[in-house]
Amino acid sequence: MTVTEAVRRRRSIRAFLPTPVAETTLREVLDAARWAPSGSNIQAWKIIAVAGAERDAVVRMALESMGTPSMTSKDEFPIYPPDLWEPLRTRRYTLAEDMYRALGIPREDKPARLRHVARNFELFGAPVGLFFVIDRRVAHGQWAHLGMLIQTVALLLEERGLGCCMQEAWAQFRPQLAARFGLPPDEMVYCGMAVGHPDPAQPVNAFPRTRITVDELAEFRGF
Ligand SMILES: Cc1cc2nc3c(=O)[nH]c(=O)nc-3n(C[C@H](O)[C@H](O)[C@H](O)COP(=O)(O)O)c2cc1C
């Protein structure tokens, strides 16, 4: 598989088979991923990988915390600004509509949509969860660096026929995750990632996705 193929084939997987992922496979992926670049090579990142009973405990913790006051609605690092502007707002809306159409959930069925959101916290059935940890004291550059690591992991999984879904949804459980993982006060989970074997029978893993064009993405000057 070429890098281009891996980039084009990777897509967010939101339905997994229960087939386990071997620790050796994951170690191989992370052994390659640690070569992702970071500014000044400071590698201000850490990953907590969970499977088996530990995965189940994290899932249980999240499901039990859902809807309780302990679920942080006002995080110090919110995922999105409060009023997303155009065209970002429409892109977000389009993704949601495309995804719920694939899931067969109509717009007015709010309980079913919420049930799907809750599937995030079951890792969409994936046997492995990765949690990407960042230090609160870093500058914004290091958050971008962490993104390099996350996408590198995703492409290496793709190369091995595995799938993943990056999950900022887990940001809603930062205090609970920090407690569960015993993180020092300066560290926090940036986002999670569900990892496993994609379920090929599920339309949610196959709906068409959109992207802006190269000319919307980039300005070419001086060529
Ligand atoms: C950092 C990050 C966090 C994300 N968090 C979630 C999430 O919590 N739940 C989810 O279903 N998808 C999540 N996504 C997936 C995006 O919705 C997805 O990448 C986007 O719609 C593009 O689709 P694609 O990944 O299939 O190409 C996240 C993506 C990124 C990069």
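Note that ligands are numbered from 1 as they come in the structure, with each ligand's atoms numbered from 1 the same way.
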Margin query: For Arg221, give me all partners under salt bridge (charged side-chain N to carboxylate O under 4.0 Å, His left out), at least two apart in sequence or on another chain.
Written below: Glu219
Next item on the list: Validate the cation-pi geometry between Arg14 and Phe207: distance from NZ or CZ to the six-membered ring centre under 6.0 Å, angle to the ring axis within 45°.
Entry: no
Next item on the list: Compile the protein residues with any heavy atom at a distance under 4.0 Å from an atom of ligand 1; present them by chain, then by number.
Entry: Arg10, Arg11, Ser12, Arg14, Leu95, Asn120, Phe124, Cys165, Met166, Gln167, Glu168, Ala169, Tyr190, Arg209, Arg211
Note to self: One pair to check against salt bridge (charged side-chain N to carboxylate O under 4.0 Å, His left out): Arg174 and Glu76. What are the steps and the verdict?
What the structure shows: CA-CA 10 Å; Arg174 282 187 177 135; Glu76 57 184 308; over 6 Å; no
Checklist line | salt_bridge(Glu86, Arg89) N-O dist < 4.0 Å | finding: yes
Checklist line | Ring geometry between Phe121 and Phe173 (parallel below 30°, tilted from 30 to 60°, perpendicular above 60°) | finding: perpendicular
Next item on the list: Go through the steps for Val133 and Met188 under the test side-chain contact (heavy atoms from CB on, under 4.5 Å), then give the verdict.
Entry: CA-CA 5 Å; Val133 174; Met188 57 179 264; over 6 Å; no
